[in-house]
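Working notes, structure below.
We name chains A, B, ... by the order of the sequence lines, and we start the count at 1 in each one.
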Protein chains: 2
Amino acid sequence: MHRYSIKEVAKKAGVSISTVSRVLNNSAPVSDELRARVEKAIKELGYYPSNIAKSLRKGRTGTIGFILPDITNPFFANVVRGAEDYLRKKGYTLILCNSDQDKDQEVQLLETLISKHIDGLLFTGTGEFNSLLVEKIEKGLKVVFLDRIIKGINSSYVIVDNREGMNILIDYLIKTGHKHFVFINGNKETFSARIRYETFIKKMNENKLRFKHYFTNFSYEAGYKFAKKLQTIPDAIICGNDLIAYGVIDAIEEKGYKVPDDVSVTGFDDIPFSRHYKPPLTTVRQPMYEMGKKAADLLLKIVEGKKELNKGVVLVPELVIRESTKELVK
Amino acid sequence: MHRYSIKEVAKKAGVSISTVSRVLNNSAPVSDELRARVEKAIKELGYYPSNIAKSLRKGRTGTIGFILPDITNPFFANVVRGAEDYLRKKGYTLILCNSDQDKDQEVQLLETLISKHIDGLLFTGTGEFNSLLVEKIEKGLKVVFLDRIIKGINSSYVIVDNREGMNILIDYLIKTGHKHFVFINGNKETFSARIRYETFIKKMNENKLRFKHYFTNFSYEAGYKFAKKLQTIPDAIICGNDLIAYGVIDAIEEKGYKVPDDVSVTGFDDIPFSRHYKPPLTTVRQPMYEMGKKAADLLLKIVEGKKELNKGVVLVPELVIRESTKELVK
DNA sequence: CTGTTAGCGCCTTCAT
DNA sequence: ATGAAGGCGCTAACAG
């Protein structure tokens with residue numbers, strides 16, 4: 001696509017390039033006379049400023065990178081939406097990268113983004129330690145970790161209080177008479193899965209409850225497969241996220257049991273569908289859109305030097321009781 | 001983040017910047033001796049080339065823009081995934097923009113992307129005529145329209161054969177004994193909604209069937225609300241997409257009817273959830289991932305001058321029969 | 001208020 | 001095989 005430069009605008013308007021730049025950016029006073037001529041020339045040529053030249057000059061690109069596992073997961077889609085809405089409003093643009101939980105992919109994407117001079121990075125990683133990332137952060141790369149923290153990396157982050165989420169969930173289940181638990185968790189490497197695991201175990205032991213725990217991955221299929229081969233049906237099956245819960249419910253019902261009559265099933269996330277699932281899912285709501293927005297906000301503050309470095313934001317989850325759980329006792 | 005430039009690498013290695021550039025790009029022979037020194041310097045400094053300077057110099061950025069209504073819609077999330085996977089493999093990067101079906105937003109995003117020197121644009125628009133877009137296309141902006149074409153704009157596109165999709169769907173419903181139809185369609189301005197509408201009407205008239213048709217929008221809520229106020233229950237409710245169908249099913253069941261026993265309900269898209277819905281949804285499958293991939297492929301060919309301008313790709317939809325429809329006659 | 005100029009980091013002739 | 005220099009489009013410092 002042919003593009004005109006500031007030079008051609010200047011020529012057409014019969015002024016110097018600085019004058020054009022000045023009207024473009026309102027960076028210094030320009031007489032009405034010249035301003036009018038420049039504006040006319042800009043319009044006639046259909047001139048658009050080149051952000052690429054501007055970036056080179058200014059050292060900033062107005063672009064933020066976002067590395068996440070998979071946009072196809074509604075959880076991330078909603079987080080991204082929150083981030084993009086905010087960034088757009090602030091004049092930034094978002095480069096989206098799916099890493100598929102692959103460490104090498106992640107490293108490569110990071111290199112690409114750095115070469116593209118992103119001003120900052122939103123990062124939802126595999127959970128594995130990433131030495132390149134650490135190195136870059138030490139060299140001043142602005143990063144906000146989103147939903148998943150990596151142990152040993154000191155940076156800003158936005159997460160949900162998983163401990164609290166698990167606590168209110170289990171408290172509710174205990175209160176309603178559940179005594180025997182199975183927890184079908186997500187990816188082991190993942191920060192949130194680990195926290196939930198720890199909290200779960202602690203709760204179980206504290207209350208001397210019978211339980212089993214398994215790590216799988218955050219997908220419908222994982223939940224389905226796992227539930228299919230479950231030998232004994234507990235009072236409640238806690239799932240690492242809503243997708244797993246969907247799979248579990250379907251598998252359980254195929255085995256001839258009823259949810260929640262024979263077994264309660266819970267999720268984590270509250271993706272938009274969960275309220276429409278059959279049965280509507282009892283789950284721990286994570287403020288997805290808010291997370292994305294908050295992370296973008298935090299990142300821009302850091303990028304723009306407002307000194308919010310190494311700040312952690314912990315959002316509170318909320319228990320949403322629907323119809324996939326029953327009250328065993330009143 | 002501090003960055004080193006080619007200049008500093010050159011200095012450290014004791015060579016000229018041209019030599020560094022040559023080893024970086026393998027653009028001309030360099031003696032093993034110097035090459036080794038340069039590579040050493042690069043490593044020690046942690047040097048990364050600046051794509052931004054490169055872009056300025058070369059006039060290409062390796063960045064593709066994607067304007068779409070809403071990434072939160074699983075249909076688009078899957079399309080985007082197809083596109084991003086392909087682009088990434090080819091060394092390109094994707095800027096994601098949600099337009100929310102807002103015409104002004106769309107125009108503004110387009111301006112931003114042009115300023116960012118995107119090499120090409122994937123466009124799933126509101127469906128309204130966009131004169132800025134036309135102007136830019138005429139000036140050489142590379143665009144591939146995805147899923148939605150705009151009347152009066154001549155460009156490349158990737159769509160699904162909606163006519164065919166509607167035909168096979170209705171043929172199936174007729175064959176299975178449905179005689180009275182309601183079509184709850186999506187956004188009126190939308191290319192696919194219009195085509196489906198026309199095809200639907202034609203089919204109904206050809207077969208002298210009783211029917212009603214309504215435009216709403218492509219959401220669960222729209223389907224739910226509309227079905228709630230339905231006076232008479234037809235044999236089949238055809239929905240503009242799967243989300244609408246979910247809403248319809250829920251509303252219908254709340255009214256005390258059974259799907260499919262009292263009424264068949266069909267969707268359009270086959271988003272990943274539809275196979276797990278209760279009842280699993282009979283729908284017209286659109287190859288979402290494939291669409292994104294194909295569009296990206298086509299766009300890159302155009303961008304790289306392989307003369308595929310104004311080529312249209314029409315993918316074939318597929319009828320997926322599940323349990324939200326019944327066979328009234330054998 | 002306006003114009004001239006250096007330089008952001010890189011690639012690419014053009015010499016040597 | 002290597003180096004020097006121009007220029008991509010822009011902003012900002014400087015001069016007037």
Would you kindly give the CG-to-C1' distance between B/L45 and C/dG9, to the nearest whole Å? 15 Å
Could you work out, with side-chain hydrogen bond (donor to acceptor under 3.5 Å, both in side chains) as the rule, every residue matching A/R37, not counting sequence neighbours? A/E33
Residue pairs passing the side chain to side chain donor-acceptor pair (under 3.5 Å) test with at least one member in residues 91-104 of chain A, sequence neighbours excluded, are A/Y92-A/E304, A/N98-B/E84, A/D100-B/R81, A/Q101-A/R148
Rounded distance in Å - CZ (A/R3) to P (D/dC10): 8 Å
Distance check needed: C/dC8 P versus B/N51 CG, whole Å only. 19 Å
Between B/A41 and B/V9 the two heavy atoms that sit nearest each other are CB-O, 3.8 Å
So which heavy atom on A/V30 is nearest to which on A/L34, and how close? CG1-CB, 4.0 Å
Smallest heavy-atom separation, B/Y86 atom then B/A296 atom, equals CD2-CB, 3.8 Å
Can you tell me the distance, in whole Å, between the NZ atom of B/K7 and the P atom of C/dG9? 8 Å
Could you state the atom-to-atom distance from CD1 of B/I42 to C1' of C/dC10 in whole Å? 13 Å
Residues 135-144 of chain B vs side chain to side chain donor-acceptor pair (under 3.5 Å), sequence neighbours excluded, gives none
Nearest heavy-atom approach of B/D119 to B/G62 is OD2-N, 2.6 Å
Considering only heavy atoms, which members of residues 24-41 of chain A lie under 4.0 Å from some atom of DNA chain C? A/P29, A/V30, A/S31, A/L34
Can you measure B/I6 atom CD1 to D/dG3 atom P for me and round it to whole angstrom units? 12 Å
B/R3 atom CZ: more than 12 heavy-atom contacts under 6.0 Å: yes
Check the distance between C/dC8's C1' and B/E8's CD and give it to me in whole angstrom. 12 Å
Report which part of the nucleic acid A/Y47 touches: base, sugar-phosphate, or nothing (heavy-atom distance under 4.0 Å, all strands). sugar-phosphate
Residues of residues 16-23 of chain A with a heavy atom under 4.0 Å from any atom of DNA chain C, listed by number, are A/S16, A/I17, A/S18, A/T19, A/R22
For B/G14 and for B/L56, locate the closest nucleotide of DNA chain D by heavy-atom distance; then report the residue assigned to the nucleotide nearer the 5' terminus. B/G14
Among residues at least two apart in sequence or on other chains, which ones pass side-chain hydrogen bond (donor to acceptor under 3.5 Å, both in side chains) with B/T63? A/K116
Nearest whole Å is fine: how far is D/dC10 P from A/Y48 OH? 14 Å
